[in-house]
Amino acid sequence: MTISAPITPLNPAQHRVAQKLVDGLSTREIAARSGLSTHTIREYVRVIRQSLHCPPRCKLQVVVHFVLAAGQVAPPATERPAPVLNEAQGLLLRAVAEHSASHDVALAARIAPADLRSALGELLDKTGADDVTQLVVLAHAWGLLGTRPADTVKSGAAR
């Protein structure tokens with residue numbers, strides 16, 4: 001039997017930072033709006049990553065995916081209709097949500113690294129997202145991404 005490592009619930013301050021990340025704010029914007037230093041906000045983000053078993057040094061869209069997939073923050077409601085994605089676009093969406101390095105995204109999406117930029121541009125255009133973090137948030141709001149990142153820590157036989 002395979003079980004997931006337990007997720008540590010976020011405390012109220014971490015939850016507020018996670019919510020602001022989901023809302024699309026950068027660490028600098030969060031610091032400016034909250035009156036805290038960027039160092040403090042980065043420390044909150046580091047602890048959020050650890051709490052959710054998110055890979056260290058992963059990009060913001062991956063942190064946001066883990067936060068949403070773990071149910072620590074609810075995705076915002078959107079009136080935008082969910083786009084119909086083909087299989088390749090669905091793979092790319094998941095790859096962008098779960099990987100930070102361009103090479104890893106391309107590998108997971110089963111596309112050539114040289115084609116990643118154009119494929120991602122087409123996906124952003126199709127969804128109307130401004131950037132990959134907003135793409136991940138919208139995908140969660142539309143129910144296009146599952147509730148559990150594929151790379152979360154497991155223990156047991158599957159390890």
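For the numbers below, each heavy atom of this structure counts, side chains included, while hydrogens, waters and symmetry mates do not.
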- prompt: Lys126: what forms a side chain to side chain donor-acceptor pair (under 3.5 Å) with it, not counting sequence neighbours?
  reply: Gln89

field: Pairs involving residues 31-55, ordered by first then second residue, that meet salt bridge (charged side-chain N to carboxylate O under 4.0 Å, His left out) (sequence neighbours left out)
entry: Glu43-Arg46

message: If hydrophobic clusters are built from ILVMFWY residues whose side chains come within less than 4.5 Å, do Val47 and Val63 share one?
response: no

field: Inter-residue atom distance Ser51.OG - Leu10.CG, 0.5 Å rounding
entry: 5.5 Å

task: Might you point out which heavy atoms bring Ala88 and Asn86 nearest each other, and give the distance in Å?
output: N-OD1, 3.1 Å

message: I need the Gln72 CD to Leu52 CG distance, nearest 0.5 Å.
response: 5.5 Å

message: Give me the atom names and distance for the closest heavy-atom approach of Pro55 to Cys58.
response: O-SG, 3.1 Å

field: Smallest separation among heavy atoms of Leu68 and Val137, with atom names
entry: CD1-CA, 4.0 Å

field: Non-neighbouring partners of Gln134 that pass side chain to side chain donor-acceptor pair (under 3.5 Å), sequence neighbours left out
entry: none

query: What pair of heavy atoms forms the shortest contact from Thr127 to Leu138, and how long is it?
result: O-CD1, 4.3 Å

query: Between atom CG of Leu25 and atom CD1 of Ile30, what is the distance when rounded to the nearest 0.5 Å?
result: 5.5 Å

- prompt: Leu91 and Leu120: same hydrophobic cluster, using ILVMFWY side-chain contacts below 4.5 Å?
  reply: no

message: Set out, in order, the CA-CA distance, both residues' side-chain angles and the distance that settles side-chain contact (heavy atoms from CB on, under 4.5 Å) for Val67 and Leu21, then state yes or no.
response: CA-CA 9 Å; Val67 165; Leu21 291 173; 5.8 Å; no

query: Does Ser118 have any side chain to side chain donor-acceptor pair (under 3.5 Å) partners at least two apart in sequence or in another chain, and if so, which?
result: none

query: Do you know the tightest heavy-atom contact between Ala69 and His140?
result: N-CE1, 3.8 Å

- request: Using atom types as modelled and distance alone, determine if a side-chain donor or acceptor of Ser100 lies under 3.5 Å from a backbone N or O of Lys59.
  value: yes

By side-chain contact (heavy atoms from CB on, under 4.5 Å) - contacts of Ala109 (at least two apart): Leu92, Ala95, Ile111

query: With sequence neighbours excluded, what pairs up with Thr8 under the side chain to side chain donor-acceptor pair (under 3.5 Å) test?
result: none

message: Testing the basics here: between Pro76 and Ala141, what is the closest heavy-atom pair and its distance to 0.1 Å?
response: O-CB, 3.3 Å

message: Under the rule for side-chain contact (heavy atoms from CB on, under 4.5 Å), what residues qualify as partners of Ser26, not counting sequence neighbours?
response: Arg28, Glu29

task: Please report the C-alpha distance between Leu60 and Val132 in whole Å, then the side-chain angles of each, then the deciding distance to 0.1 Å, and finally whether the side-chain contact (heavy atoms from CB on, under 4.5 Å) criterion is met.
output: CA-CA 9 Å; Leu60 185 59; Val132 291; over 6 Å; no

message: Taking side-chain contact (heavy atoms from CB on, under 4.5 Å) as the definition, give me every residue that meets it alongside Leu36, ordered by chain and number, with sequence neighbours left out.
response: Ser34, Thr40, Ile41, Tyr44

query: Any donor-acceptor pair under 3.5 Å linking the side chain of Trp142 with the backbone of Arg80?
result: yes

message: Distance check, rounded to the nearest 0.5 Å: Asp115 atom CG versus Glu122 atom CD?
response: 9.5 Å

query: At what distance, to the nearest 0.5 angstrom, does CD1 of Ile48 lie from CG of Asn11?
result: 8.5 Å

- prompt: Linking I/L/V/M/F/W/Y whenever their side-chain heavy atoms sit closer than 4.5 Å, directly or via other members, would Phe66 and Ile7 fall into one cluster?
  reply: yes

query: Please, which pairs that meet side chain to side chain donor-acceptor pair (under 3.5 Å) have at least one residue in residues 14-24, sequence neighbours excluded?
result: Gln19-Asp23

- request: Look up atom CG in Asp131 and atom CD in Gln61, then write down how far apart they are to the nearest 0.5 Å.
  value: 8.5 Å

query: For the hydrophobic clusters of this structure (ILVMFWY residues joined by side-chain heavy atoms under 4.5 Å, transitively), does one cluster hold both Leu124 and Val62?
result: yes

